[in-house]
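Because only heavy atoms are used, hydrogens play no part in the values below, and waters and symmetry mates are left out as well, while side chains stay in.
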Amino acid sequence: QVKLEESGGGSVQPGGSLRLSCTASGSGVRFDNYCMGWFRQAPGKHREAVARIHILTDSTSYADFVRGRFTISQNNAENTIYLQMNSLEPEDTAGYYCAAAPGHYCSGGVNYLERGPADNGAWGQGVQVTVSS
């Protein structure tokens with residue numbers, strides 16, 4: 001069973017940047033078999049997909065609201081994915097959650113990944129991102 005550990009959350013002013021990390025672990029886990037990504041949920045709002053990446057192919061997909069501000073990447077050697085967030089806005093304030101799922105959940109757009117963690121995947125515990133002046 002894969003386990004995920006996130007880091008990198010924090011508080012920044014509007015226009016600032018943060019980089020989130022998510023490291024996968026688990027006995028027998030083949031990291032390059034996975035589709036992984038980031039979701040976020042603000043208080044009183046539904047969870048929404050942010051970005052996803054296929055570890056083997058590097059195929060990526062982003063939510064429209066990212067608008068070129070965020071970049072998802074991966075380091076296969078360290079079983080880690082990253083979310084570089086630039087030009088942060090107060091509306092980006094939320095809990096950010098890492099997700100892992102079997103690779104075929106990257107066959108669709110970013111939203112398709114959301115069902116994946118329940119299918120032999122995992123969710124991370126989440127990190128808080130706060131954007132405020």
Side-chain angles (χ1 to χ4, degrees):
Q1 182 72 26
V2 62
K3 295 182 180 180
L4 305 175
E5 183 173 357
E6 302 118 325
S7 61
S11 296
V12 294
Q13 294 185 342
S17 297
L18 282 173
R19 188 175 82 154
L20 307 183
S21 300
C22 173
T23 300
S25 62
S27 177
V29 170
R30 281 280 310 272
F31 187 61
D32 60 6
N33 284 343
Y34 281 91
C35 177
M36 296 186 66
W38 294 93
F39 290 76
R40 70 184 190 183
Q41 187 168 19
K45 294 188 176 181
H46 293 295
R47 183 171 60 199
E48 58 184 356
V50 177
R52 65 95 173 126
I53 185 167
H54 191 288
I55 301 305
L56 184 62
T57 68
D58 249 3
S59 165
T60 60
S61 180
Y62 294 91
D64 289 342
F65 63 77
V66 169
R67 298 192 299 272
R69 300 180 297 129
F70 297 179
T71 302
I72 190 170
S73 61
Q74 55 94 1
N75 184 331
N76 198 346
E78 296 186 356
N79 289 3
T80 300
I81 66 167
Y82 305 95
L83 185 68
Q84 177 66 44
M85 303 185 294
N86 299 327
S87 301
L88 283 161
E89 304 166 351
E91 294 73 19
D92 296 315
T93 295
Y96 282 72
Y97 298 86
C98 180
H104 66 83
Y105 282 95
C106 273
S107 63
V110 62
N111 292 301
Y112 188 54
L113 174 59
E114 188 164 16
R115 296 185 178 184
D119 180 10
N120 204 29
W123 288 101
Q125 81 284 358
V127 291
Q128 179 66 32
V129 171
T130 302
V131 185
S132 173
S133 56

Going from [atom1] on [X] to [atom2] on [Y], what distance comes out if it is rounded to the nearest 0.5 angstrom?
X	Y	atom1	atom2	answer
Met36	Ile55	CE	CD1	5.5 Å
Leu83	Ser21	CG	OG	9.5 Å
Leu20	Met85	CG	CE	4.0 Å
His54	Leu113	NE2	CG	11.0 Å
Phe39	Glu114	CZ	CD	5.0 Å
Leu56	Asn76	CG	CG	8.0 Å

Near-ring test Tyr112/Tyr105, centroid separation under 6.0 angstrom: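 Ring centres of Tyr112 and Tyr105 closer than 6.0 Å.
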
Is a side-chain donor or acceptor of [X] paired with a backbone partner of [Y] at a separation under 3.5 angstrom?
X	Y	result
Thr93	Val131	yes
Ser61	Val110	yes
Arg52	Gly108	yes

Applying disulfide bond (SG atoms under 2.5 Å apart) as the test, list every pair that has at least one member in residues 87-133; sequence neighbours left out. Cys22-Cys98, Cys35-Cys106

Can you confirm whether [X] sits close enough to [Y] that some side-chain heavy atom of one is under 4.5 Å from a side-chain heavy atom of the other?
X	Y	result
Leu4	Thr23	no
Tyr82	Gln74	no
Ser132	Pro90	no

So, Asn75 versus Thr80: side-chain donor-acceptor pair below 3.5 Å or not?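 No donor-acceptor contact under 3.5 Å links the two side chains.
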
Residue list, side-chain hydrogen bond (donor to acceptor under 3.5 Å, both in side chains) with Asn120, at least two apart or on another chain: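 So Asn120 forms no side-chain hydrogen bond (donor to acceptor under 3.5 Å, both in side chains) with any residue.
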
Which residues share a side-chain hydrogen bond (donor to acceptor under 3.5 Å, both in side chains) with Arg19, sequence neighbours left out: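 With neighbours one apart ignored, the set is empty.
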
Applying salt bridge (Lys or Arg N to Asp or Glu O under 4.0 Å), can you list everything that pairs with Glu5, at least two apart in sequence or on another chain?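 Not a single residue meets the salt bridge (Lys or Arg N to Asp or Glu O under 4.0 Å) criterion with Glu5.
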
Partner residues of Arg30 under the salt bridge (Lys or Arg N to Asp or Glu O under 4.0 Å) criterion, sequence neighbours left out: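 Arg30 satisfies salt bridge (Lys or Arg N to Asp or Glu O under 4.0 Å) with Asp32 only.
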
Give the minimum heavy-atom separation between Pro117 and Ala101, together with the two atoms involved.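 Pro117 and Ala101 have their closest heavy atoms at N-CB, 4.0 Å.
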
Smallest heavy-atom separation, Tyr96 atom then Glu6 atom, equals O-OE2, 3.9 Å

Going by side chain to side chain contact (heavy atoms under 4.5 Å, CB included), name the residues that satisfy it together with Glu89, two or more places apart in sequence or in a different chain.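 If we apply the side chain to side chain contact (heavy atoms under 4.5 Å, CB included) test to Glu89, skipping adjacent residues, the hits are Arg67, Arg69, Glu91, Asp92.
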
